[in-house]
A.B. asks: 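This is the structure I want to talk about, given as structure tokens.
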Amino acid sequence: MERGAGATPHSPDDGAPTDLTPPGVAHEVFGDRLPLAEQYCAALATAGVERGLIGPREVPRLWDRHILNCAALGELIPIGASVVDIGSGAGLPGIPLGIARPDLRITLVEPLLRRTKFLAEFIESAGLAITVVRGRAEQPDVRKEAGGADYVTSRAVAPLGKLAKWSLPLVREHGHMLALKGSSVAEELERDRMELARAGAGHARILECGIGIVSPPTVVLSVERVPRAEKRANKQATRRAERGR
Ligand SMILES: C[S@@+](CC[C@H](N)C(=O)[O-])C[C@H]1O[C@@H](n2cnc3c(N)ncnc32)[C@H](O)[C@@H]1O
């Protein structure tokens, strides 16, 4: 990193340095890997802000809104799964997930060099077994390198229809897309229903995780990549429903 974990974290108003002490629940989430999560928090609050990867206003809420909120996603992922996190930016949700769940095989996909450099530097300094692939999720070479995963995750990357089109080709049949979303996810789901069916998404569910860890809990849209025959049937059914409105 350009500045290490010991550097002074930025404060939103350039006043006193922000206290980055983790909340008590962080111990429950990260266990004996909490020092790695603290190292990540410090990196975001220093180099992350300096390099424009995270806004200074986010520093006081790094634990709640970013690190714990993202690590909570682990509740939805079984042991030993492979996970591709697209549009990771400064590593969210992929890095907190990888710290909390060392059993997962995680690949971060991010097109911007400035961001992949930050990711690679942090991963190396923390000794994490996480792979970084530079590129856009929909690129054929990225699909080749990172594809066939059990899960694809994302936060704040694209509207749902486009997100499904980029995400689902990266998972195997019956693999899942887990998208961290806000409270308007139900409307987004309704709006993009046809695009989701076209992308091969089925069995959509809105889930909550991180209950008792973050408030409000993390809202996640889960969809499954359905086999070709089911994809065709879903597209036809969605078209019929749209015509009947
Ligand atoms: C708003 S940022 C969110 C970053 C991070 N997921 C977070 O929640 O803090 C969106 C990220 O998606 C990346 N991105 C945009 N289009 C992409 C694509 N087609 N494939 C992969 N990443 C993409 C951008 O470079 C950027 O880092």
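Here the structure is a predicted model, which means the values were calculated and not measured. We count ligands from 1, going down the list as the structure has it; atoms in each ligand are counted the same way.
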A.B. asks: Checking R114 side chain against R51 main chain: does a donor-acceptor pair fall under 3.5 Å?
C.D. replies: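 Yes; at least one donor-acceptor contact below 3.5 Å.
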
A.B. asks: Does a side-chain N-to-carboxylate-O contact under 4.0 Å join K165 and E195?
C.D. replies: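 E195 and K165: not salt-bridged.
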
A.B. asks: Look up atom CZ in R134 and atom OG1 in T116, then write down how far apart they are to the nearest 0.5 Å.
C.D. replies: 5.5 Å

A.B. asks: Does ligand 1 have an atom that lies less than 4.0 angstrom from a heavy atom of A90?
C.D. replies: no

A.B. asks: Using heavy-atom distances only, which candidate in P93, A156, G91, G89 approaches atom 3 (C) of ligand 1 most closely?
C.D. replies: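 Answer by nearest heavy atom: A156.
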
A.B. asks: Please list, in number order, the atoms of ligand 1 under 4.0 Å from a heavy atom of W166.
C.D. replies: 16 (N), 17 (C), 18 (C), 19 (N)

A.B. asks: Are any of the N or O atoms of A137 closer than 3.5 Å to those of ligand 1?
C.D. replies: yes

A.B. asks: Can you say whether the rings of F30 and W63 are parallel (under 30°), tilted (30 to 60°) or perpendicular (over 60°)?
C.D. replies: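 The rings of F30 and W63 stand perpendicular, inter-plane angle above 60°.
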
A.B. asks: If you measure from each non-hydrogen atom of H66 to ligand 1, which part falls under 4.0 Å: side chain, backbone, both or neither?
C.D. replies: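 It is neither; nothing of H66 touches ligand 1.
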
A.B. asks: Using heavy-atom distances only, which candidate in K165, R115, K162 approaches atom 27 (O) of ligand 1 most closely?
C.D. replies: R115

A.B. asks: Would you say R155 and H66 are linked by a side-chain donor-acceptor pair, where the criterion is simply a distance under 3.5 Å?
C.D. replies: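 Their side chains do contain a donor-acceptor pair, which is all the 3.5 Å distance test asks for.
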
A.B. asks: Look only at the side chain of S82 and the backbone of D150, and say whether a donor-acceptor pair between them is shorter than 3.5 Å.
C.D. replies: yes

A.B. asks: Among protein heavy atoms, which sits nearest to atom 25 (O) of ligand 1, and what does the distance come to when rounded to 0.1 Å?
C.D. replies: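 In this structure, atom 25 (O) of ligand 1 has E110 OE2, 2.7 Å as its nearest protein heavy atom.
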
A.B. asks: Which of the numbered atoms in ligand 1 are under 4.0 angstrom from any heavy atom belonging to L92?
C.D. replies: 5 (C), 6 (N), 7 (C), 8 (O), 9 (O)

A.B. asks: Indicate whether atom 23 (C) of ligand 1 is within a distance of less than 4.0 angstrom of some protein heavy atom.
C.D. replies: yes

A.B. asks: Looking only at distances, can you tell me whether any N or O atom of L112, backbone or side chain, sits closer than 3.5 Å to an N or O atom of ligand 1?
C.D. replies: no

A.B. asks: Quick one: do E58 and R61 make a salt bridge, cutoff under 4.0 Å?
C.D. replies: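 Salt bridge present between E58 and R61.
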
A.B. asks: What I'd like to find out is whether the side chain of L168 reaches to under 4.5 Å of the side chain of E173, using heavy atoms alone.
C.D. replies: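 They are not in contact (no side-chain heavy atoms under 4.5 Å apart), so the answer is no.
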
A.B. asks: What protein heavy atom sits nearest atom 12 (O) of ligand 1, and how far away is it?
C.D. replies: G87 CA, 3.4 Å

A.B. asks: Report yes if the side chains of N69 and D64 come closer than 4.5 Å at any heavy-atom pair, otherwise no.
C.D. replies: no

A.B. asks: For atom 19 (N) of ligand 1, what is the nearest protein heavy atom, given as residue, atom name and distance?
C.D. replies: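 Among all protein heavy atoms, the one nearest atom 19 (N) of ligand 1 is E138 OE1, 2.9 Å.
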
A.B. asks: When you look for heavy atoms under 4.0 Å from ligand 1, do you find them on the side chain of A158, its backbone, both, or neither?
C.D. replies: neither

A.B. asks: Tell me, which protein residue and heavy-atom name are nearest atom 8 (O) of ligand 1, and how many Å apart are they?
C.D. replies: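 Its nearest protein heavy-atom neighbour is R155 NE, 2.6 Å.
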
